[in-house]
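Please read the structure below before turning to the comments.
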Protein chains: 2
Amino acid sequence: MANPMYRQIADGLREQIESGGLQPGEQLPTELELRERYSASRNTVRDAIKWLMNLGLVETRPGQGTFVVKKIAPFVTTLSGDPGTGDGVIFQIQVSKHGRTPYSSPVQVEIQKANAGVGAELGLPEGSQVVSRHQKRFIDGTPWSLQTSFYPRGLAVQGADDLLLADNIEKGAVQYLAETLGLKQVGYRDWITVRAPDATEADFFKLPQDGRVAVFEIFRTAFDQTGTPMRVTVTVFPTDRNQFIVEIGDAPEPRGQQSTEDQGS
Amino acid sequence: MANPMYRQIADGLREQIESGGLQPGEQLPTELELRERYSASRNTVRDAIKWLMNLGLVETRPGQGTFVVKKIAPFVTTLSGDPGTGDGVIFQIQVSKHGRTPYSSPVQVEIQKANAGVGAELGLPEGSQVVSRHQKRFIDGTPWSLQTSFYPRGLAVQGADDLLLADNIEKGAVQYLAETLGLKQVGYRDWITVRAPDATEADFFKLPQDGRVAVFEIFRTAFDQTGTPMRVTVTVFPTDRNQFIVEIGDAPEPRGQQSTEDQGS
DNA sequence: GGGTATTTGTCCGTATGTATT
DNA sequence: AAATACATACGGACAAATACC
């Protein structure tokens with residue numbers, strides 16, 4: 001009896017879940033029933049359920065019960081796309097291609113002082129101003145990613161006025177910059193990290209506030225034909241519904257989205 | 001008073017941590033002290049600390065106390081390397097280049113029946129046999145990743161006998177296959193997911209068993225000059241000490257590892 | 001090694017609040 | 001309004017891990 005009782009209870013339930021005895025979406029016995037079944041106090045049963053919650057296996061709904069989590073059908077984004085295309089356009093294309101419905105919110109534009117990370121990445125002097133363009137993205141109505149692009153303020157001054165327009169740029173900001181300023185995006189570097197969501201992100205993605213579900217944070221720095229960084233785009237994706245693909249060298253087309261276990265809705 | 005008391009206590013402590021009032025590695029007040037400071041019961045104080053633990057801000061050590069977590073200096077792996085080089089060689093090069101010390105355990109070789117995922121990815125019929133080569137990797141003595149490569153059993157039969165040797169192949173398995181069978185790796189596809197670690201992984205990486213710290217799982221399918229998959233490599237990396245970079249098109253060299261906040265030891 | 005104090009971990013019982021049906 | 005089920009909060013008891021003498 002090495003393990004504490006709440007772990008044994010948790011393991012028992014876990015086995016039922018992983019063996020399929022309890023299907024995704026199905027309700028677990030109530031705390032009272034578990035208390036009797038395992039001859040434990042209600043608090044001990046609750047500890048077991050908290051453990052399973054931290055593992056992401058179950059979720060509780062006050063007034064209803066405890067349920068086996070249904071996995072969200074993940075969306076797979078290919079990071080190694082055309083080096084000359086903007087992120088918004090890529091999102092629309094990739095999502096549509098898989099028969100799902102993309103939606104991008106109107107762009108929220110601000111002029112900000114660059115913070116340390118973005119300023120350094122863009123190669124701007126301390127305290128420079130940047131144009132920030134923020135968007136929320138959805139797939140099939142589900143909140144999917146939060147994206148903010150930063151452009152040097154100088155670009156807008158040099159003639160790319162529409163960068164300051166609080167509206168989607170039809171052909172994408174990258175294409176627009178190519179047409180107005182001759183700035184061609186010839187490559188980018190993505191820096192991928194995983195962290196706990198902040199309160200705003202948890203709220204938007206409807207994630208639990210306690211940080212159980214982490215988010216990807218992808219910093220994309222894009223370069224023009226002179227090797228100068230022309231934008232930094234920071235996109236945040238919940239890890240419970242996003243996966244990524246990178247293709248290097250010659251790789252045949254994948255056979256479609258690996259839908260691990262699409263447990264539908 | 002919208003928030004429950006344990007959240008208020010947690011927020012108070014959180015502010016002290018994020019403002020720097022409590023430094024990484026520093027000990028928090030004991031449960032007894034917090035109980036008096038906030039006029040709450042010990043269990044309520046413990047709920048507050050559990051909340052902070054889930055957020056990854058503190059850790060508890062039985063018999064000692066509760067401490068602000070010290071972040072591990074992350075290692076950044078570039079996924080978009082030379083399309084013709086194997087993963088083991090890349091690991092050695094990249095880690096050494098940043099002045100850190102790589103170590104790869106001896107290879108553990110097994111012949112297995114391919115599971116559904118690997119078999120499909122390699123394009124093998126149901127139930128085919130594969131050679132599995134497993135390695136543990138460390139950086140500066142810290143467990144860093146678990147890697148398993150799968151090769152079609154046929155390759156060993158066709159003359160690549162050393163695939164079955166339980167030992168590191170000096171120049172890397174990929175180079176070895178090129179020399180013996182003329183199989184050149186010309187590209188690969190990485191599929192990046194994040195999930196909770198299983199018990200074995202949590203144990204090896206010294207992660208908490210409750211799944212607070214997630215792991216990256218990267219499926220790399222590598223292709224030979226005929227477009228045929230020649231290997232599948234699955235690597236697991238804890239998200240608390242790993243980040244990734246992908247470079248597409250023309251991107252200048254990064255200025256070195258972004259050492260977010262290297263909070264030393 | 002032993003003994004003791006400190007600190008967190010587990011487990012119990014109970015009461016009351018809040019969300020949902 | 002009533003019943004059900006989870007959420008919060010309190011108090012107490014003992015166990016286990018650690019540090020120190």
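In the text below, chain A, chain B and the rest are named by the order of the sequence lines, each starting its count at 1. Computation of the quantities below employed the complete heavy-atom set of this structure, encompassing side-chain atoms and omitting hydrogens, waters and symmetry-equivalent molecules.
- Across the interface with DNA chain C, nearest-nucleotide mapping of A:Val45 and A:Arg61 shows A:Val45 to be the residue nearer the 5′ end.
- Heavy-atom nearest nucleotides on DNA chain C were determined for A:Ser41 and for B:Gln27, and the one closer to the 5' end corresponds to B:Gln27.
- Between A:Gln64 and D:dT4 there is no side-chain N or O to OP1 or OP2 distance below 4.0 Å.
- Nucleotide D:dA19 holds its P atom 9 Å from the CZ atom of B:Phe67, rounded to whole Å.
- Regarding B:Gln209, its CD atom lies at a distance of 16 Å from the C1' atom of C:dG9, rounded to whole Å.
- Rounded to whole angstrom, the span from the CG atom of A:Asp47 across to the P atom of C:dG9 amounts to 12 Å.
- Between B:Met53 atom CE and C:dT7 atom C1' there is a gap of 14 Å when expressed in whole angstrom units.
- Remark: B:Thr66 is in phosphate contact with C:dT8, judged by side-chain N or O atoms under 4.0 Å from OP1 or OP2.
- Checked against the 6.0 Å centroid threshold, B:Phe216 and B:Phe244 count as a close aromatic pair.
- Both A:Glu31 and B:Ser39 sit near DNA chain D, but only A:Glu31 has its closest nucleotide nearer the 5' end.
- For the pair A:Arg100 and A:Phe75, the NZ or CZ position fails the cation-pi test of under 6.0 Å to the six-membered ring centre and within 45 degrees of the ring normal.
- Comparing D:dA9, C:dG9, D:dA5 against the side chain of A:Thr30 picks out D:dA5 as the nearest.
- Whole-Å rounding puts the B:Asn3 CG to C:dG17 C1' distance at 15 Å.
- Between A:Tyr6 atom OH and D:dA15 atom P there is a gap of 18 Å when expressed in whole angstrom units.
- Looking at the side chain of A:Met5, the nearest of the listed nucleotides D:dG11, C:dC11, D:dT8 is C:dC11.
- Minimum heavy-atom separation, A:Ala10 to A:Leu52: O-CD2, 3.7 Å.
- Across the strands present, D:dA1 finds no partner; the criterion is a Watson-Crick or G-U wobble pair with both atom distances under 3.5 angstrom.
- At whole-Å resolution of the value, CG in B:Asn43 and P in D:dA7 are 16 Å apart.
- Atom P of nucleotide C:dT7 and atom CZ of B:Arg35 are separated by 14 Å, given to the nearest angstrom.
- In B:Arg35, the CZ atom is not crowded: 12 or fewer heavy atoms of neighbouring residues, nucleotides or ligands sit closer than 6.0 Å.
- Comparing D:dG11, D:dA13, C:dG13 by their nearest atom to the side chain of B:Arg42 picks out D:dA13.
- Residue B:Thr60 places at least one side-chain N or O closer than 4.0 Å to OP1 or OP2 of C:dG9.
- Put simply, B:Thr44 has a side-chain N or O that comes within less than 4.0 Å of OP1 or OP2 on D:dC10.
- For D:dC6, neither phosphate oxygen OP1 nor OP2 lies less than 4.0 angstrom from any side-chain nitrogen or oxygen of A:Arg46.
- By the 6.0 Å contact criterion, CD on A:Gln209 is enclosed, its count of non-hydrogen atoms from other residues, nucleotides or ligands being greater than 12.
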